[in-house]
There are 2 protein chains.
Amino acid sequence: MAYRKTPAELRRLDAAREHLIARATAVVAEVGWSQASVTAVADSAGIAAGSVYQHFPSKSALAVEVFRRAAGHEVAVLEEVLRGPGDAVSRLASGVGVFARRALENRGLAYALLAAPAEPAVGAERLDHRRRYRALFAEVVREGIATGQLPPQHAEITAAALTGAVGEVLAYPLGAPDDTATGTTGSTGSTDDLLAELTATVLRCAGAAAHPTTA
Amino acid sequence: MAYRKTPAELRRLDAAREHLIARATAVVAEVGWSQASVTAVADSAGIAAGSVYQHFPSKSALAVEVFRRAAGHEVAVLEEVLRGPGDAVSRLASGVGVFARRALENRGLAYALLAAPAEPAVGAERLDHRRRYRALFAEVVREGIATGQLPPQHAEITAAALTGAVGEVLAYPLGAPDDTATGTTGSTGSTDDLLAELTATVLRCAGAAAHPTTA
DNA sequence: GTCTATACCTAGATAGAC
DNA sequence: GTCTATCTAGGTATAGAC
């Protein structure tokens, strides 16, 4: 019974799987989790609905994989900035800036990752993902406290607050039809203004002294 | 065709409707929106599934009504505090305190209102509800800026950040199985500590000077 | 008006031909 | 391995008896 697939076969299968994940990600970004049925995803990938089950045991498994890839990428990007060079406060500022900019550049996907209604399995994955953001923020906050840039505070709670604040501030621009609302009010301000205000708010929240240049 | 129901009939019908809403709210608080099927709700209310449609045209309509009642109540409570007596900063502090305490005392419902996966109609209602929180917070922040208690800032963005921060800090305690996690880390701190830290974080976020007594 | 029973629809998942 | 066609389950909504 032990029959080993040739490398070429493996590569082909893997490519098909990757293609499916990529198309599923695109569909989710466009129409959200609830509308991303197996049929819709399969259509987009150019295969039959049944064929999806050659690559994933269930729709949930595919959805989770889609989420994990996309969210993992964002976490990695943020991690690189937050653990990069510079002092804690400026890393925090640029981390938030990078995160927000990326989200605003890919709104559909960002909304799906951050806020869009999703099945329980994806919801659980999202919680996990937010926990990682929290952990990253907490690291920086702790460092800031240690170096005296930030006042004493419960780093985990601040980190949770930062995660929530960033998500909520972005949620409205992201959730809006398209580019109708760059500012939170829907009427004022460009993306840059939004970013500047968000960064300032985040720094205040962590207790950083006013006006450090926001990378 | 114009036949007018007697007052007694009306009262009975209304009572039945209220009872149904109350039971539906309880079910949602216990098991979440996704598990609150018409059958489950009807069972809990002691009526047949079909009878639900005597009071509501659809499951969605019932769900929206449940959300609206519960969420409306929370908004009203917060509004009373935020527009009550005292200076802007202390009202902000006690408003957050009251909100958080209420949420922690009724976790299931708070989680359903704040974060639990829900059908689109409820999701839309939730957005609206959050907009109201934002508006209330923004009012107080504007007042604080005007009186010089708070530094200049974009009040709407700060308000969104506050809404998100409070929600996220509470989400983990709320989402946890039961009382395993009172602190954000799941290990440390009592509810009071959590409240104190949350309040401090919120005040920092709005730029309030440190250590006003937190009502 | 409320119940029982059921129709019906949506979506995920499977079987068997090719 | 992939497609077409189909099965099934879960849950909303309706019909008709009482």
Side-chain angles (χ1 to χ4, degrees), chain A residues 1 3-21 23-24 27-28 30-67 116-123, chain B residues 1 3-21 23-24 27-28 30-67 116-123:
Chain A
M1 51 170 72
Y3 140 73
R4 200 170 284 240
K5 292 187 174 71
T6 72
E9 276 176 313
L10 282 175
R11 238 177 298 129
R12 253 194 78 256
L13 262 178
D14 202 54
R17 194 185 133 104
E18 290 300 317
H19 181 238
L20 175 56
I21 294 171
R23 293 314 307 158
V27 171
V28 167
E30 275 165 34
V31 300
W33 299 101
S34 53
Q35 302 296 320
S37 65
V38 171
T39 312
V41 167
D43 281 358
S44 172
I47 63 176
S51 302
V52 168
Y53 294 88
Q54 293 294 321
H55 302 288
F56 293 92
S58 70
K59 180 207 161 90
S60 271
L62 170 57
V64 166
E65 184 66 20
V66 164
F67 187 96
E119 63 199 300
V122 171
Chain B
M1 54 173 70
Y3 140 71
R4 199 171 286 242
K5 293 188 173 70
T6 71
E9 276 176 316
L10 282 175
R11 238 178 300 129
R12 251 197 77 258
L13 262 178
D14 203 54
R17 195 184 133 104
E18 291 301 317
H19 181 237
L20 176 56
I21 294 171
R23 294 312 309 158
V27 171
V28 166
E30 275 165 34
V31 301
W33 301 100
S34 53
Q35 301 297 319
S37 65
V38 172
T39 310
V41 168
D43 281 358
S44 172
I47 63 176
S51 303
V52 168
Y53 295 88
Q54 293 292 323
H55 303 288
F56 293 93
S58 70
K59 178 205 162 92
S60 272
L62 169 56
V64 166
E65 185 64 20
V66 164
F67 187 95
E119 64 199 299
V122 171

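Scope of the values below: all heavy atoms of this structure, side chains included, with no hydrogens, waters or symmetry mates. Every chain is numbered from 1 and lettered A, B, ... according to where its sequence line falls, protein lines coming before strand lines.
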Does a side-chain N or O of B:Ser51 approach OP1 or OP2 of C:dC3 to a distance below 4.0 Å, or not?
yes

To the nearest angstrom, how far is B:Glu119 atom CD from D:dG11 atom C1'?
12 Å

Looking at every non-hydrogen atom in both residues, tell me the closest pair between A:Ala42 and A:Val52 and how far apart they are.
CB-CG2, 3.9 Å

Please report, rounded to the nearest Å, how far the P atom of D:dG1 is from the CG atom of A:Asp14.
13 Å

Minimum heavy-atom distance between A:Ile21 and A:Val66, given as atom pair plus value
O-CG2, 4.0 Å

Heavy atom of residues 35-45 of chain B under 4.0 Å from DNA chain D: which residues?
B:Ser37, B:Val38

C:dG1 P sits how many Å from B:Arg17 CZ, rounded?
15 Å

Between B:Ala45 and B:His19, what is the shortest heavy-atom contact and its length?
O-CE1, 3.3 Å

If a pair satisfies ring-ring contact (aromatic ring centres under 6.0 Å, His included) and one of its residues is in residues 38-67 of chain A, list it, with sequence neighbours excluded.
A:Phe67-A:His129

Please name the pair of heavy atoms, one in A:Val27 and one in A:Ala40, separated by the smallest distance, quoted to 0.1 Å.
CG2-O, 4.4 Å

Could you measure the distance from the CG atom of B:Leu20 to the CD1 atom of B:Ile47? Nearest 0.5 Å is fine.
5.0 Å

Of the residues in residues 53-67 of chain A, which ones touch DNA chain C at a heavy-atom distance under 4.0 Å?
A:Tyr53, A:Ser58, A:Lys59

For the NZ atom of B:Lys59 and the OG atom of B:Ser37, what is their distance to the nearest 0.5 Å?
6.0 Å

Kindly give the heavy-atom pair with the smallest separation between A:Trp33 and A:Ala118, and that separation in Å.
CD1-CB, 3.5 Å

